[in-house]
Each structure stands twice: as structure tokens, then as C-alpha cells.
Number of protein chains: 2
Amino acid sequence: MVTLADVARHAGVSASTVSYVLSGKRSISEETRRRVERSVAELGYHPNAGARALAAKRSHIVALVVPLRADVYVPIMMQIAISVTVTARQHGYDVLLITNDEGPEGVRRVALSGLADGVILMDVGLADERIPVLRELRTQAALIGLPDDPSGLSCVDHDFAAAGASCADHLADLGHREVAFIGYGSGVYQRHAGYAERTLMGFRERAEERGLRFVHRPCEGTYESTAGTLARILADRPDTTGFVVQNEGAIGPLLSLLRISGRTVPEDASVIALCPELLAEQYAPALTAVTGPAQELGRVAVEQLLRRITAAGRDEVPDDELTLLRPVLTVRESTSQHRSRTPSSS
Amino acid sequence: MVTLADVARHAGVSASTVSYVLSGKRSISEETRRRVERSVAELGYHPNAGARALAAKRSHIVALVVPLRADVYVPIMMQIAISVTVTARQHGYDVLLITNDEGPEGVRRVALSGLADGVILMDVGLADERIPVLRELRTQAALIGLPDDPSGLSCVDHDFAAAGASCADHLADLGHREVAFIGYGSGVYQRHAGYAERTLMGFRERAEERGLRFVHRPCEGTYESTAGTLARILADRPDTTGFVVQNEGAIGPLLSLLRISGRTVPEDASVIALCPELLAEQYAPALTAVTGPAQELGRVAVEQLLRRITAAGRDEVPDDELTLLRPVLTVRESTSQHRSRTPSSS
DNA sequence: TTGTAAGCGTTATCAC
DNA sequence: GTGATAACGCTTACAA
């Protein structure tokens with residue numbers, strides 16, 4: 001193993017000089033710097049992580065706490081995890097993966113052991129049980145998701161209200177008058193998941209402003225539940241021509257069921273999905289969709305966290321930040337200008 | 001921050017005694033052990049990770065190198081990453097996430113810095129460029145995937161040949177005589193991806209043994225390519241009644257296209273997918289599928305790696321291991337006994 | 001069964 | 001601009 005001392009000897013300087021060359025924390029003559037850098041390269045020196053963490057009281061590791069729940073869309077989680085890792089690396093940090101089955105104890109463990117300098121929490125619930133631990137330990141953190149009380153915390157999330165609003169706008173722009181919002185299963189609303197409620201609220205408000213008549217129906221996302229949901233919508237409001245789907249599981253079934261009911265998309269019914277691009281593009285017809293920038297979520301979270309860590313290292317009080325990322329509505333093949341289904345009812 | 005010394009003072013023993021109580025590396029009187037454990041709990045002591053790593057020359061961290069390529073099925077990767085993390089925790093290890101955009105240098109970095117005690121490589125290619133680094137640094141590793149030369153390495157993978165063979169068996173058992181294997185895009189075969197070739201080989205051999213007439217057709221997985229692939233199959237072999245699909249992207253299109261061509265699944269055509277359960281169950285009809293146990297992959301890799309780390313810690317030469325995990329064929333609604341499509345041709 | 005003490009490889013505070 | 005040197009908190013011979 002190559003140590004700092006080896007490099008120092010090889011370069012003919014003291015250990016502290018090598019350390020300072022590497023950290024850039026004091027000015028070094030061009031001459032020395034070059035000698036040291038050459039020795040580092042020649043010996044293939046990599047600083048020992050443990051020793052560095054011990055001496056500097058900073059591990060240069062951030063912990064990423066990922067949920068295990070099955071009802072989150074996994075590819076997005078992965079995308080976030082990867083953008084977190086890549087961004088962290090760009091700042092000289094590594095990422096430790098913590099699964100939520102450790103619960104709040106996991107946060108306590110990595111913080112108290114000095115394993116991580118800070119924590120990124122994914123899939124944060126409104127009253128997340130990990131948050132009290134953060135407050136108690138004064139651990140630096142960035143949350144992906146918006147808790148009910150974000151004071152003292154840095155958070156980043158999609159602007160779900162804006163997402164809902166774009167859906168209403170797009171359908172209104174196309175001339176639709178009767179629209180349906182197919183949401184998540186009722187359980188999701190019962191536990192007051194922020195994203196579900198905020199999307200619905202954004203949609204509802206904009207729909208009202210634009211004079212849309214609409215219904216909201218929860219849906220579990222299975223074929224059967226989607227069938228039931230659609231049947232009820234069409235029974236209550238046979239003239240519905242616009243559909244917004246938030247539950248990814250319901251998208252495929254919805255398209256099949258509309259076809260079966262004799263409605264062609266987009267001629268007879270326009271469908272907007274709230275989902276990732278990948279998903280939207282894999283259907284036939286490709287779906288007009290509102291998509292939040294998942295990668296950004298990870299990148300912003302890392303940057304928020306590192307700012308906090310830096311501030312705390314200088315004994316400053318870190319600023320709280322709240323970033324809501326605007327989703328993008330991409331028009332594809334599943335929405336079109338409203339036309340009455342039956343000439344008689346127009 | 002609570003240190004070992006704090007605990008020692010609180011319990012009225014020496015620091016080493018506390019250390020030994022925690023590590024179990026020497027026998028401790030029941031009395032002392034209890035006093036120490038009580039102090040640990042009372043003070044909320046968590047050993048400092050950096051100090052521990054420095055003194056013990058063991059970080060209790062394993063690095064998991066995940067691919068960034070888009071053509072791997074993401075939920076499975078996530079499942080593996082999670083089972084790796086959970087299993088590692090059960091053995092007192094944490095997991096560091098490394099993305100493959102660091103390339104082989106990432107492996108070098110974590111190994112040489114002592115950040116990780118070993119490495120788990122996901123999505124290992126036949127001539128993976130990270131492998132030479134492992135050999136050069138004598139880094140302990142476990143590979144998920146099978147390289148062309150696994151000597152000196154521990155590997156775990158699905159038994160793809162067995163998966164292919166089960167498909168052939170199931171179709172033969174049901175009395176089918178003409179079957180088609182819809183594979184990955186030709187690019188996948190051109191780079192000799194092991195999993196694609198091994199599956200096909202397993203299928204081919206068993207199909208021949210069972211006297212099946214079959215064709216293999218590559219398919220890119222888009223709707224268009226699937227349409228083209230199916231059209232060619234039906235043109236060449238109109239009496240084909242059994243289909244095996246390996247490319248996940250082709251499954252949805254295939255089902256639609258069979259329907260359009262007037263074939264009902266499973267009455268007129270049996271379909272077996274090589275895919276995760278989740279995917280198989282989300283189609284209508286639910287698909288008979290051959291699924292490899294993804295979680296096992298992660299668990300076995302961790303156990304292989306930890307055995308190697310332990311052995312190397314005792315200056316033993318770690319044993320190489322090669323584990324192939326048997327996939328499971330689950331019969332669902334997409335396969336049934338063969339019946340001739342047209343009574344005349346029976 | 002327990003205690004003492006010498007590292008482990010950095011960083012950072014002094015001093016020059 | 002550079003060099004000693006004392007931490008940092010833990011593990012592990014070595015003693016007792």
C-alpha cells in the first residue's frame with residue numbers, strides 16, 4: 001500500500017506538503033507541486049479513506065436512503081440513484097446505499113458513526129419518521145419529496161400542482177369539455193401522499209378556471225380496477241373525451257379498455273399520462289405525457305446537501321432550500337382536438 | 001460525539017475491553033460484558049467508521065458497480081442492488097454505489113483507497129474491462145454475470161441454458177411441434193452477450209432432443225421490429241403455435257400482433273416469456289414465464305464476496321466459486337395444449 | 001479475564 | 001513556502 005509518507009519520501013518533501021498539494025489548502029510553489037504530483041502519479045497513490053475521514057472528520061460520503069415499497073416506479077428511483085451518484089462523484093463524494101428496512105435507525109447509524117457526512121432521503125412522506133432523527137442529530141440532509149413541515153430542511157420535489165395544471169390546460173386548449181382524472185388507489189389518498197394530492201389539486205384548480213367539467217376517480221392500477229373505474233366514468237359522464245391518468249399501472253388497461261369500448265385514441269378520446277417519457281413512448285399510440293425531470297431531482301438534492309455540509313463545516317447555519325422542479329408536457333399521439341363522438345350530441 | 005473511551009470510562013473498564021466486547025474477539029466475563037453493553041446503549045455509542053477502518057484495515061464496506069446502459073431491465077437491477085444491500089447489512093457491511101461511468105478506474109479507486117473491502121460487479125460482459133483491474137490489484141470481487149474466463153474469480157448468474165431448455169420442454173409437453181424463439185436485437189448476439197447465447201443454446205438443444213421444429217429470430221423490441229419479426233415467422237412457418245420471447249420490449253407488441261392476426265392466446269398460440277414475474281403478470285392474459293431469482297443473485301454475490309474477504313484476511317487463497325441459479329417456469333394463462341388451427345391441417 | 005500502549009495514515013496547528 | 005508534530009478513535013499484540 002502506498003501512503004502519504006511514501007509519496008513525501010519519493011518527492012523529497014514533508015508529508016504535510018504532500019497533503020497540502022492534494023487538498024490545495026495552502027499555496028505551494030510551482031516546483032514542489034509538480035514534483036509531488038509526479039510522485040503521486042508514479043507511485044499510484046490513493047489517499048486512505050479511513051485515515052482521511054478520521055483526521056478530517058469528514059468521510060466524503062453521502063448516504064442515500066432508498067424506499068423498499070413496491071408502489072413506486074422503480075426505473076425512476078434508479079435514475080435518481082444514478083444521478084445522485086454521478087453528481088456526488090463530480091464533487092468528490094461517494095454514495096452509500098441504505099435501504100429503508102433499517103428504518104430511522106439507519107439514518108442514526110450512518111450519521112453517528114461518521115460513515116456519511118449527510119443523508120439524502122428518497123420518497124419522503126408527509127410525516128416521515130426519519131425526519132425527527134435528522135432534527136435530533138442535527139444531521140445534514142436533503143429530502144426528495146416534500147414533508148408537511150420542511151422547516152430546517154432542504155427539499156426538492158416535482159411541482160406536482162403544475163403538472164396537474166398542465167394537463168387541464170392542454171385538454172382545455174384542445175377544446176375538451178368533459179374530462180376524467182384517473183388517480184392512484186384510494187389508499188394513496190388516505191395516507192395523504194403529497195404528490196397525489198398536489199397533482200389533483202393543481203388539476204382541479206386549473207380545470208375549474210378553464211371551465212372544464214371533471215371527475216376524479218381513484219384506481220388501483222390493475223386491469224380489473226381500471227375496468228371498473230372506466231365503466232363508472234362512462235356511466236356517469238358518457239360524454240367524457242379527455243382522460244388524465246396518474247397511476248402507471250392503469251395506463252395499459254385504460255388504452256385497451258377504451259379500444260374495447262369502441263373509442264379510438266386520440267380521435268374519440270384524448271389521454272394524458274403523468275409518467276416518465278420511457279413509459280409514455282412505449283405505448284401505441286405514444287402518449288402525450290407530463291414528465292418530471294427525475295435526474296434533476298438527484299442532482300439538486302446532492303447540491304443542496306453539499307452546500308449544507310460545507311456551511312456546517314464552517315460553523316455556519318445552513319440555509320433551508322425548497323426547490324420545485326417544473327414538469328414538461330410533451331405532446332405525442334394520444335391527444336387531439338375535441339370532436340363530439342356522436343354528431344347528434346354536438 | 002461518543003467515543004470508545006467515553007464508554008470505557010462510563011463502564012469502568014479499559015478501552016480495549018469495550019472493543020473486545022463489541023467485536024467478540026476474546027472472551028469476556030458475563031459481568032463486564034453486561035456493564036459495557038449497558039453503557040453502550042445508555043450513551044448511544046456508535047463506533048467511528050473511519051477510525052475502525054484505519055485501525056483494522058477493513059472498512060466493512062463493499063462497492064457495488066452498477067451499469068448505466070439502458071438496455072438492461074432496470075427493476076431487476078434495483079432488486080439486485082437492494083438484495084445486495086440487505087444481505088450485506090446482515091453481515092455488518094455497508095454498500096457503496098459506484099456507477100460504471102467511472103469505468104475500471106472506479107474499481108481501482110475504491111480498492112486502493114481502502115474505501116471498500118471488495119467489489120461486486122453487475123452486468124459483467126464476456127470480456128469485461130474491469131476484470132483485468134481486479135486481477136492486477138488482487139481485489140476481492142464477486143461478479144454477477146459470467147465472463148469468458150472466470151478463473152480466479154467468484155461468479156453468480158442465472159442458468160440461462162436451463163431457462164431456454166425449460167421453454168422447449170414446456171412447449172413440447174403441451175404437444176406443440178412448430179415453435180419460434182424471438183430473441184434480442186441482432187446487436188446483442190453480435191457482441192456475444194453470454195445470456196442471449198446461452199439461453200438460445202439451451203433452447204435449441206432441448207428443442208432438438210424433443211423433436212421440435214423451430215426458428216430463432218432476433219428482434220429489436222420495438223413495435224415495428226416485432227411486427228416485422230412476427231410477419232416473417234408466420235410467412236416462413238404458418239403452422240407455428242409456440243412462441244418464446246426473450247426481449248421484454250417485444251412482449252406487448254407480440255400479444256397485440258397475434259390478436260390482430262386473428263390468433264387467440266393461448267387457444268391458437270402459446271406464448272412463453274423469459275422475464276421477471278412482475279412483467280409476466282401485468283399482461284392479459286398473464287404470461288407463462290421463465291424467471292430467474294434476481295434477489296438470489298444479489299444475496300449469493302455478497303456471500304461469495306464476504307467469504308473471499310474473510311479468507312484473504314486470514315492470508316488464505318480464496319476459493320473461486322461459480323453458482324448458476326436455476327430459473328423457475330411458472331405456468332400462467334398464455335400457454336395451453338396444442339390444437340391445430342385449422343381442422344384440415346391436423 | 002483484563003489492561004497498556006503502539007500503531008493505522010491522514011489533517012491541521014504551530015513554528016520557522 | 002515548507003516542515004515537525006500532535007491529534008483523530010479504534011484495533012490488537014503484548015503484559016499482567
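Throughout, a chain's letter reflects where its sequence line sits, starting with A, and its residues are numbered from 1. The structure displayed is predicted, hence computed values, not measured ones.
Residues B/Q295 and B/T87 fail the side-chain proximity criterion, which asks for heavy atoms closer than 4.5 Å. The shortest distance between side-chain heavy atoms of A/V119 and A/V62 does not fall below 4.5 Å. A/I144 places a side-chain heavy atom less than 4.5 Å from the side chain of A/I80.
Taking a heavy-atom distance under 4.0 Å as the criterion, the stretch of DNA chain C touched by chain A extends 5' to 3' from C/dG9 to C/dC14.
Non-hydrogen atoms lying under 4.0 Å from DNA chain C are contributed by B/V13, B/S14, B/S16, B/T17, all within residues 11-24 of chain B. Contacts between residues 33-40 of chain A and DNA chain C, counted as heavy-atom distances below 4.0 Å, involve no residue at all. Contacts with DNA chain C (heavy atom under 4.0 Å) in residues 308-317 of chain B: none are found.
With DNA chain D read from its 5' end, the first of the two nearest nucleotides for B/R52 and A/A56 is the one closest to A/A56.
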Taking only distance into account, with no hydrogens and no angle test, what donor-acceptor pairs under 3.5 Å do side-chain atoms of residues 297-306 of chain A form with protein atoms, sequence neighbours excluded?
| unit_1 | atom_1 | unit_2 | atom_2 | d |
| --- | --- | --- | --- | --- |
| A/R299 | NE | A/E296 | OE2 | 3.2 |
| A/R299 | NH1 | A/E303 | OE1 | 2.8 |
| A/R299 | NH1 | A/E303 | OE2 | 3.3 |
| A/R299 | NH2 | A/E296 | OE1 | 2.7 |
| A/R299 | NH2 | A/E296 | OE2 | 3.4 |
| A/Q304 | NE2 | A/C155 | O | 3.0 |
| A/Q304 | NE2 | A/T323 | OG1 | 3.1 |

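Side chain of B/R130 to main chain of B/P104: no donor-acceptor pair is present (N/O by atom type, distance under 3.5 Å, no hydrogens or angles).
Applying the 3.5 Å distance criterion, the base of D/dT2 shares a donor-acceptor pair with the side chain of A/R26.
For A/D94 and A/R89, the salt-bridge test passes: some basic side-chain N is under 4.0 Å from an acidic carboxylate O. Using a 4.0 Å cut-off between a side-chain N of Lys or Arg and a carboxylate O of Asp or Glu, B/R135 and B/D149 qualify as a salt bridge. With salt bridges taken as basic N to acidic carboxylate O contacts below 4.0 Å, one links B/R108 and B/E105.
For B/K25, a side-chain nitrogen or oxygen approaches OP1 or OP2 of D/dT12 to under 4.0 Å.
Going from atom NZ of A/K57 over to atom C1' of D/dG9 covers 8 Å, rounded to whole Å. In this structure, CG of A/L54 is placed 8 Å from C1' of D/dC10, rounded to the nearest angstrom. If you measure from atom CG of A/N48 to atom P of D/dC10, you get 16 Å, rounded to the nearest angstrom. Atom CG in A/L4 sits about 13 Å away from atom P in D/dG3, given to the nearest Å.
Partner of A/L153 under the side-chain contact (heavy atoms from CB on, under 4.5 Å) criterion, chosen from A/L134, A/L146, A/D320: A/L134.
Atom-to-atom distance recorded for A/I28:CD1 and A/R33:CZ is 6.5 Å, nearest 0.5 angstrom. In this structure, the separation between CG on B/L64 and CD1 on B/I82 is 11.0 Å, given to the nearest 0.5 Å.
The side chain to side chain contact (heavy atoms under 4.5 Å, CB included) test applied to B/A55 returns no partner, not counting sequence neighbours.
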Inset, instruction - Could you please spell out the steps behind the side chain to side chain contact (heavy atoms under 4.5 Å, CB included) verdict for A/L54 and B/N48? - result: CA-CA 8 Å; A/L54 178 57; B/N48 180 282; 4.3 Å; yes
